[in-house]
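Since the model is a prediction, treat every value here as computed from it, not as a measurement. Just so we're on the same page: letters track the sequence lines, and every chain starts at 1.
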4 protein chains.
Amino acid sequence: MSSFTAVDPDFESRIRASFGAQQVMQTLGARLEGVAPGEVRIELPFNPALTQQHGFLHAGILGIIVDSACGYAAYTLMPAASEVLTVEYKINFLAPAMGQTFVAIGKVVKPGRTLTVCTGEVWAHTDDAEPKLVATLQATMICVAE
Amino acid sequence: MSSFTAVDPDFESRIRASFGAQQVMQTLGARLEGVAPGEVRIELPFNPALTQQHGFLHAGILGIIVDSACGYAAYTLMPAASEVLTVEYKINFLAPAMGQTFVAIGKVVKPGRTLTVCTGEVWAHTDDAEPKLVATLQATMICVAE
Amino acid sequence: MSSFTAVDPDFESRIRASFGAQQVMQTLGARLEGVAPGEVRIELPFNPALTQQHGFLHAGILGIIVDSACGYAAYTLMPAASEVLTVEYKINFLAPAMGQTFVAIGKVVKPGRTLTVCTGEVWAHTDDAEPKLVATLQATMICVAE
Amino acid sequence: MSSFTAVDPDFESRIRASFGAQQVMQTLGARLEGVAPGEVRIELPFNPALTQQHGFLHAGILGIIVDSACGYAAYTLMPAASEVLTVEYKINFLAPAMGQTFVAIGKVVKPGRTLTVCTGEVWAHTDDAEPKLVATLQATMICVAE
């Protein structure tokens, strides 16, 4: 699906190692489910410990997983000896975060040597309904040489 | 400091009740430290369970507390029988989130019957240095009648 | 292509009338080229009067046409007796605005009774090359009853 | 007022030359009215040629002048042999752009060797009323070595 080629053949293990080193992902219960050149998928099961006052997942939690999906999508296309940082992101919340599993998909729109622009989506999945788009994001990532 | 007046005299208890009902704030260890008309402060002590791969607080965690500070800042000016939701926010990360305590300050820029625009900042505090601005946010909140 | 249905059967003439009443579009030389439910295309020929210091089209001009394409995309789905206003937008510039014609495409992501979220793109066209994506936008529009 | 120091003592003439080379600023009738380290002011008189369908200044025109004010604010702090480009901006529109003169003020929040983050405001001025804040912006600028 992706039209990008990774310059680092070991991009997937590099990204899995980085994700595994993020304590916050274990705290949230987020899982790295898909890693392709320019595209990363992170899934998060519903967790009552992460809810807002109405019992839905807190919107900011969606921000964390989709920002990370975008950051890692950008990172797939960066050289082996580099780090990725989020410069900024903008997120719209489209519907309450009701669901059993939240799937964040980050995609590279425009890779660059220094800056990479990404878009992201979060879909809420439940057993008895179509997946629902609950958030959409546009982000700028920066590549930092190690 | 604030030039706004709350229409609901009980705005502070309304906001403290809402904050208290957010499971995610207890999970993160965030505290509601200041509530004034059009301005709210949320503090979060550093927590290794919330870190990214370099041991700093994950940027998205800053997003959660400053989005919430802005949402509650908008909510101080809304009527008693209302709810506040985040329509969207945009956040820039200015420096790594290193520090002992992170202080998110949300302020109303322009209140409205339906939409309220806010700005937010996150400051990293450490014992032996000046507070450092680590993130800045611009957000749109919506008032939903109960 | 679009999966949306317009509630106002006369949406296209309503939008063409609104576009025609925007003096700024005539000043820029922008043309309304495509109007479908949830999707609008605006084209702008290169114009030296709109350039920045390097002779490229000023980035902000891209912002105007793609914001308008998104606003009108949202407006296609709104009722006859309504107005559309831009609440906010966020735009990333991906490449210098070099080209003969700039095509802005606005699409509805999530329509709503009050707020509609859109994404937009600007493509630079030249006779001798593939179209190039030069800007991407995410916007929130509001429907105001007349 | 500003707490920044320019590394290039000739920053003002550098910025005035760049502004003067922007054809679009002459087309709009925009004037560079204030240049200080980390802060720039651009003014635009109301112009019927730049209006939207209700006769107010088109919102996107506010985007152009405040984006430029921020870009030049960042540029004041960059070295002599450099260029500034807008990476992205996010703008909220707070009130209809009614007024005789529109004053855009761009300020540096966080300068950097590569990226600089700015905030901007647009104020509408009329003879018989207090200036009114009509738009607020948050932007990321990049320094490109010549």
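Heavy-atom distances place both the backbone and the side chain of N92(C) under 4.5 Å from chain D. Within the 4.5 angstrom heavy-atom criterion, only side-chain atoms of E83(C), from C-beta onward, approach chain D. Of the atoms belonging to S68(C), it is side-chain heavy atoms, and not backbone ones, that fall under 4.5 Å from chain D. Both the backbone and the side chain of I61(C) have a heavy atom closer than 4.5 Å to some heavy atom of chain D.
With rounding to the nearest 0.5 angstrom, the CG atom of N47(D) is 7.0 Å from the OG1 atom of T27(C). Interatomic distance, CG of L137(D) versus CD of E88(C), reported as 11.5 Å (0.5 Å rounding). If you take NE2 on H58(C) and CE on M25(D), they are separated by 4.0 Å, rounding to the nearest 0.5 Å.
The greatest number of non-hydrogen atom pairs below 4.5 Å with chain D, out of Q26(C), K90(C), Q138(C), is found for K90(C). Between chain C and the residues L57(D), L50(D), I91(D), the largest count of heavy-atom pairs under 4.5 Å involves I91(D). Between chain D and the options G71(C), A21(C), A49(C), the largest number of non-hydrogen pairs under 4.5 Å is found for A49(C).
Residues P48(D) and Q23(C) approach most closely at O-CB, 3.2 Å, considering heavy atoms.
A heavy-atom distance below 4.5 Å is not found between the side chains of V87(D) and F93(C).
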Would Q22(D) and Q52(C) satisfy side-chain hydrogen bond (donor to acceptor under 3.5 Å, both in side chains), going step by step from the backbone distance to the final call? CA-CA 4 Å; Q22(D) 293 205 333; Q52(C) 34 83 294; over 6 Å; no

